[in-house]
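Structure first, then comments.
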Amino acid sequence: DVQLVESGGGSVQAGGSLRLSCAASGWTSGRYCMGWFRQDPGKERDGVAVISSDRRTRYADSVKGRITLSKDNATATLYLQMDSLKPEDSSMYYCAAARDDCRAASWSDPGYFGYWGQGTQVTVS
């Protein structure tokens with residue numbers, strides 16, 4: 001089955017950059033939707049960015065222009081390049097995947113994704 005492992009989290013100062021990685025294993029060819037969500041204790045899991053097998057991407061308004069989502073199909077690795085980080089970006093970030101193209105609301109719907117990573121902590125001070 002599909003397994004997702006996040007890495008690249010850490011602590012950075014405001015204005016700094018960080019690159020998160022999500023390595024997928026057990027993946028087979030076909031349609032997909034992959035993305036990143038972030039969640040703080042006691043709060044909803046919010047969508048950050050998603051990318052589909054049709055190569056469409058969507059970003060949350062709060063990060064648009066500062067974050068770039070990309071996927072290396074050769075290595076089945078999803079990347080989240082984060083620049084100009086703000087303290088409000090601090091959160092636990094989760095990688096997610098679904099076995100179909102992204103839908104319009106996929107970026108804000110955790111229930112659409114059947115596979116999740118363990119999460120990686122991002123702290124901006």
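These numbers come from the heavy atoms of this one structure, side chains and all, not from hydrogens, waters or symmetry mates. Keep in mind that what you see is a predicted model, and the values were worked out from it rather than measured. One is the number of the first residue; the rest follow in order along the sequence.
Applying the side chain to side chain donor-acceptor pair (under 3.5 Å) criterion to S90, with sequence neighbours excluded, gives no partner residue. Qualifying side chain to side chain contact (heavy atoms under 4.5 Å, CB included) partners for V12, counting only residues two or more places apart in sequence or in other chains: L18, L85, V124.
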Worked verdict on R56 versus C102 for side chain to side chain contact (heavy atoms under 4.5 Å, CB included): CA-CA 8 Å; R56 294 286 187 177; C102 296; over 6 Å; no

From CA spacing to verdict: side chain to side chain contact (heavy atoms under 4.5 Å, CB included), L78, Y32: CA-CA 12 Å; L78 186 71; Y32 66 83; over 6 Å; no

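Side chain of S91 to backbone of D89: no donor-acceptor contact under 3.5 angstrom is found. No donor-acceptor distance shorter than 3.5 angstrom exists from the side chain of R55 to the backbone of I51, with no hydrogens or angles considered. In this structure a side-chain-to-backbone donor-acceptor pair under 3.5 Å is present from T120 to G9.
Counting non-hydrogen atoms of other residues, nucleotides and ligands closer than 6.0 Å to CD of E88 gives a total above 12. Atom CD of Q3 has 12 or fewer neighbouring heavy atoms from other residues, nucleotides or ligands inside a 6.0 Å radius.
A pairwise comparison of heavy atoms in D101 and C33 identifies C-CB, 3.9 Å as the closest pair. For L69 against Y79, the heavy-atom pair with the smallest separation is CD1-O, 3.2 Å. Of all non-hydrogen atoms in V5 and Q118, the two that sit nearest each other are CA-OE1, 3.7 Å. Heavy atoms only, all atoms of each residue included: C95 and M34 are closest at SG-CE, 4.2 Å. Closest of all the heavy-atom pairs between A24 and L4 is CB-CD2, 3.7 Å.
Here the side chains of V2 and W116 are not in contact, with every heavy-atom distance at 4.5 Å or above. D46 is not listed as a side-chain neighbour of Q39, based on a closest heavy-atom distance of 4.5 Å or more. Residues Y59 and R66 form no side-chain contact, since every pair of their non-hydrogen atoms from C-beta on lies 4.5 Å or further apart.
When each of Y94, Y93, W36 is tested with C22 by the rule side-chain contact (heavy atoms from CB on, under 4.5 Å), just one qualifies, namely W36.
The distance from atom CZ of R99 to atom OG of S53, rounded to the nearest 0.5 Å, is 12.0 Å. The structure places CD of Q13 at 13.0 Å from OG1 of T123, a figure rounded to the nearest 0.5 Å. The distance from the NZ atom of K43 to the CZ atom of R38 is 10.0 Å, given to the nearest 0.5 Å. Separating the NZ atom in K64 from the OG1 atom in T57 is a distance of 8.5 Å, to the nearest 0.5 Å. For the atom pair OG (S7) and CG (L20), the distance works out to 8.0 Å, reported to the nearest 0.5 Å. Between atom CD of residue E6 and atom CG of residue L80 there is a gap of 11.0 Å, rounded to the nearest 0.5 Å.
No path of Ile, Leu, Val, Met, Phe, Trp and Tyr side chains, each step under 4.5 Å between heavy atoms, connects V48 with M92, placing them in separate hydrophobic clusters.
Side-chain atoms of S17 and D83 form a donor-acceptor pair, as typed in the model, at a separation below 3.5 Å.
For the pair D54 and R31, the salt-bridge criterion is not met [side-chain N within less than 4.0 Å of a carboxylate O].
Residue pairs meeting the side-chain hydrogen bond (donor to acceptor under 3.5 Å, both in side chains) criterion with at least one partner in residues 105-114, sequence neighbours excluded, are absent.
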